[in-house]
Amino acid sequence: MQPTLIATTPIAGQRPGTSGLRKKVKVFQQPHYLENFVQAIFDTQPELNGGVLVVGGDGRFYNREAIQTILRMAAANGVSKTLVGCGGIFSTPAVSCVIRKYHTQGGIVLSASHNPGGPDEDFGIKFNAANGGPASETVTNAIFERTQTIDRYLTLDTPALNLDLEGEFSLGAMTVTVLNSVSDYAELMETLFDFNAIRQLFSNGKFRMRFDAMHAVTGPYAVEILEHRLGAAPGTVMNGIPLEDFGGGHPDPNLAHAKALVALCSGADGLDFGAASDGDGDRNMILGKNFFVTPSDSLAVLAANAQLMPGYTAGISGIARSMPTSQAADRVAAALGIECFETPTGWKFFGNLLDAGRITLCGEESFGTGSNHVREKDGLWAVLFWLNVLAARQQSVAAIVTAHWQQFGRNYYTRHDYEGVELAGAEDLMNHLRILLTELPQRKLGNEVVSYADDFSYTDPIDGSVSQQQGIRIGFASGARIVFRLSGTGTEGATLRVYLEYFEPDPTQHQRETQEAMQPLILIARELAQIEARTGRSEPDVVT
């Protein structure tokens with residue numbers, strides 16, 4: 001079957017962000033829009049010609065149609081074999097797992113992660129490299145540059161394949177293998193955690209939990225692993241059926257968007273453990289009874305308890321965290337005598353460190369945690385890790401975290417998001433802060449004295465690549481920090497994220513309410529950045 005050559009012209013705005021190309025569904029539905037970007041992948045990744053490609057997504061609206069387009073183009077561009085999740089479903093960490101297990105040449109992930117789904121909402125696409133991780137900036141830059149000069153794409157004129165049946169099919173000269181989306185990932189989890197200990201936790205008659213899949217991709221994974229393999233009671237997984245619009249909800253596992261789960265964990269009769277994952281399964285939220293674990297604290301606690309896990313009994317080689325993530329993990333690394341790296345936001349920056357064996361665990365404050373088992377953050381992995389810690393220590397979530405603070409001190413931490421801010425105003429705010437950087441050191445702001453102020457730049461210790469202007473950092477002599485950053489994960493306007501933390505070594509001061517404890521820093525941040533004047537926002541849209 002001969003490929004069909006379709007003439008096209010470049011379409012502006014196809015530069016991938018920290019997690020690929022994200023736009024509204026209607027943008028992707030424009031003629032040639034998806035095809036141009038996909039062809040740019042094939043044109044810049046020659047190893048895919050004759051190679052094996054993994055394809056799948058989070059099941060959001062337009063997922064099925066996009067997969068059919070990609071499969072036809074893959075066949076036309078000489079891909080030998082594609083591995084597709086049944087029904088087009090693959091969580092992002094499962095894609096990474098399958099790439100690594102079957103030694104493929106890469107994968108295409110269809111997701112806008114924690115963004116809403118539906119005909120009027122968001123869609124996204126990204127390329128993952130042969131190591132299973134998000135493509136490097138070198139690769140994404142090459143893809144973008146190709147989109148600016150593209151003049152044709154290749155496809156096949158064939159009917160749609162039935163992706164709801166597992167098995168092997170032919171598409172031109174290419175073999176399409178439709179896989180069980182869950183099995184390879186579940187088998188990997190069994191090598192990392194003590195499933196017998198977790199089964200005993202569920203069977204003791206005392207432990208109660210819920211996992212909120214938010215009608216997103218993790219539902220089938222959680223049902224299979226938690227309920228079927230580990231013996232959790234039927235119904236432990238809430239909202240477990242993936243829906244194209246996530247049931248009308250916002251699939252972002254945080255206190256603002258998982259209110260039903262938060263309510264179940266609150267009060268005298270609250271659950272012992274609650275967890276949630278996001279649209280594509282790579283994020284997590286951890287709750288105890290009347291207790292929220294910040295993602296920063298979660299990374300630190302998991303690192304401190306890693307040797308309790310079968311997959312990490314030999315210890316961990318190092319830890320990495322994104323720059324806005326609190327410094328709690330740094331204290332664990334120092335105590336363990338291992339390296340700790342501060343990287344820009346974006347999981348791809350962890351990949352080189354993982355591949356080089358410099359780190360074992362890594363995490364971001366945006367509810368993402370992971371390890372060297374794959375090259376993506378992994379929501380359900382983090383939940384299983386916590387369940388194994390609970391089973392091993394036989395303590396509550398609150399007791400485990402409180403004991404951690406007593407040993408290492410507490411990094412109070414919060415993030416304030418101003419969403420959908422007019423882009424010009426947001427950029428003006430960041431430029432205003434950059435102008436102030438040279439004059440801020442040694443200046444007193446409120447009761448704090450500035451010790452350093454910079455626009456974070458990162459030099460990769462493995463390949464020497466440099467990433468600049470990754471966020472404004474303002475550090476104080478007390479150890480407190482304020483970070484300002486514009487997020488690249490939205491599809492409209494800009495999201496201004498303000499991160500605040502301060503270190504409290506005194507255990508008698510560890511139980512304060514976070515926003516109350518952070519109020520002095522919150523006021524400093526708002527006044528210094530002139531947030532209300534420059535954005536028109538008097539309060540953040542989301543506080544976590």
| How far apart are the C-alpha atoms of T92 and S96, what are their side-chain angles, what is the distance that settles it, and do they pass the side-chain contact (heavy atoms from CB on, under 4.5 Å) test? | CA-CA 7 Å; T92 293; S96 184; over 6 Å; no
Distance-only, no hydrogens or angles: does the [X] side chain make a donor-acceptor pair with backbone N or O of [Y] under 3.5 Å?
| X | Y | answer |
| --- | --- | --- |
| S181 | C86 | yes |
| Q30 | V27 | yes |
| T495 | E419 | no |
| S317 | G357 | yes |
| E364 | G346 | yes |
| H250 | H114 | yes |
| E166 | L179 | no |
| T104 | G106 | yes |
| D252 | N254 | no |

| query | Between K24 and E121, is a salt bridge (charged side-chain N to carboxylate O under 4.0 Å, His left out) present by the stated rule, with each step listed? | reply | CA-CA 5 Å; K24 291 297 180 184; E121 297 296 348; 3.5 Å; yes
Sub-4.5 Å side-chain heavy-atom contact between [X] and [Y]:
| X | Y | answer |
| --- | --- | --- |
| N388 | P310 | yes |
| W347 | R375 | no |
| I143 | L21 | no |
| T82 | I70 | no |
| D541 | D417 | no |
| T294 | R415 | no |
| I11 | T147 | no |
| N63 | I67 | yes |

| How about Y33 and F123: are their ring centres within less than 6.0 Å of each other? |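 No, too far apart.
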| task | Return the orientation label for the W381 and Y312 ring planes: parallel under 30°, perpendicular over 60°, tilted otherwise. | result |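 The rings of W381 and Y312 stand perpendicular, inter-plane angle above 60°.
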| said: Evaluate T155 against E35 for side chain to side chain donor-acceptor pair (under 3.5 Å), listing each step before the verdict. | reply: CA-CA 9 Å; T155 188; E35 291 87 345; over 6 Å; no
Roughly how far, to the nearest 0.5 Å, is [atom2] of [Y] from [atom1] of [X]?
| X | Y | atom1 | atom2 | value |
| --- | --- | --- | --- | --- |
| R146 | I41 | CZ | CD1 | 13.0 Å |
| F349 | E137 | CZ | CD | 4.0 Å |
| L110 | L34 | CG | CG | 7.5 Å |
| E342 | I319 | CD | CD1 | 13.5 Å |
| L299 | R321 | CG | CZ | 9.5 Å |
| I89 | R60 | CD1 | CZ | 11.0 Å |

Kindly give the heavy-atom pair with the smallest separation between [X] and [Y], and that separation in Å.
| X | Y | value |
| --- | --- | --- |
| L261 | A276 | CD2-CB, 3.9 Å |
| L156 | A75 | CD1-CB, 3.5 Å |
| D378 | Y185 | OD1-OH, 2.7 Å |
| A213 | T218 | CB-C, 4.2 Å |
| D280 | V217 | C-CG1, 3.1 Å |
| G107 | I99 | N-CD1, 3.6 Å |

| request: Only one of K126, R100, K348 passes salt bridge (charged side-chain N to carboxylate O under 4.0 Å, His left out) with E376; say which it is. | output: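 Checked K126, R100, K348 against E376; only one passes salt bridge (charged side-chain N to carboxylate O under 4.0 Å, His left out): K126.
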| query | Would L287 and L255 count as a side-chain contact (heavy atoms from CB on, under 4.5 Å) if you check the C-alpha gap in whole Å, the side-chain angles of each, and the deciding distance to 0.1 Å? | reply | CA-CA 10 Å; L287 301 169; L255 297 174; 4.1 Å; yes
Do [X] and [Y] have a side chain donor and acceptor closer than 3.5 Å?
| X | Y | result |
| --- | --- | --- |
| D278 | S113 | yes |
| Q39 | D43 | yes |
| S277 | Y221 | no |

| said: Set out, in order, the CA-CA distance, both residues' side-chain angles and the distance that settles side-chain contact (heavy atoms from CB on, under 4.5 Å) for L387 and M209, then state yes or no. | reply: CA-CA 10 Å; L387 286 170; M209 76 161 283; 3.9 Å; yes
| field | Result of checking N284, V301, N305 against W386 for side-chain contact (heavy atoms from CB on, under 4.5 Å) | value |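 Only one of N284, V301, N305 forms a side-chain contact (heavy atoms from CB on, under 4.5 Å) with W386, namely V301.
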| task | Determine the sole option in V374, T360, I462, I359 for which the side-chain contact (heavy atoms from CB on, under 4.5 Å) test with L354 is passed. | result |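 Result: among V374, T360, I462, I359, I359 is the only option passing the side-chain contact (heavy atoms from CB on, under 4.5 Å) with L354.
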| field | Stepwise side chain to side chain donor-acceptor pair (under 3.5 Å) check, D157 with T4 | value | CA-CA 7 Å; D157 185 10; T4 301; 5.9 Å; no
| Pair Q307-T313, side-chain contact (heavy atoms from CB on, under 4.5 Å): steps then yes or no | CA-CA 4 Å; Q307 286 183 283; T313 52; 5.8 Å; no
| field | Working for salt bridge (charged side-chain N to carboxylate O under 4.0 Å, His left out), residues D120 and K26 | value | CA-CA 7 Å; D120 298 315; K26 286 182 169 56; 2.5 Å; yes
Would you give me the side-chain donor-acceptor pairs under 3.5 Å for residues 235-247, sequence neighbours excluded?
unit_1, atom_1, unit_2, atom_2, d
T236, OG1, A233, N, 3.3
T236, OG1, A233, O, 2.6
N239, OD1, H215, NE2, 3.3
N239, ND2, D212, OD1, 2.9
D245, OD1, G247, N, 3.0

| Atom CG of N162 with >12 non-hydrogen neighbours under 6.0 angstrom |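 Correct, the count exceeds 12.
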| field | Chi angles and distances behind the salt bridge (charged side-chain N to carboxylate O under 4.0 Å, His left out) call for D122, K23 | value | CA-CA 6 Å; D122 299 343; K23 302 288 182 182; over 6 Å; no
| said: Applying side chain to side chain donor-acceptor pair (under 3.5 Å) to R199 and N196, what does each step give before you reach the verdict? | reply: CA-CA 5 Å; R199 285 189 193 101; N196 285 331; 2.7 Å; yes
| said: The test is salt bridge (charged side-chain N to carboxylate O under 4.0 Å, His left out); show your working for R229 and E190 and say whether it passes. | reply: CA-CA 9 Å; R229 300 197 183 200; E190 290 199 50; 2.7 Å; yes
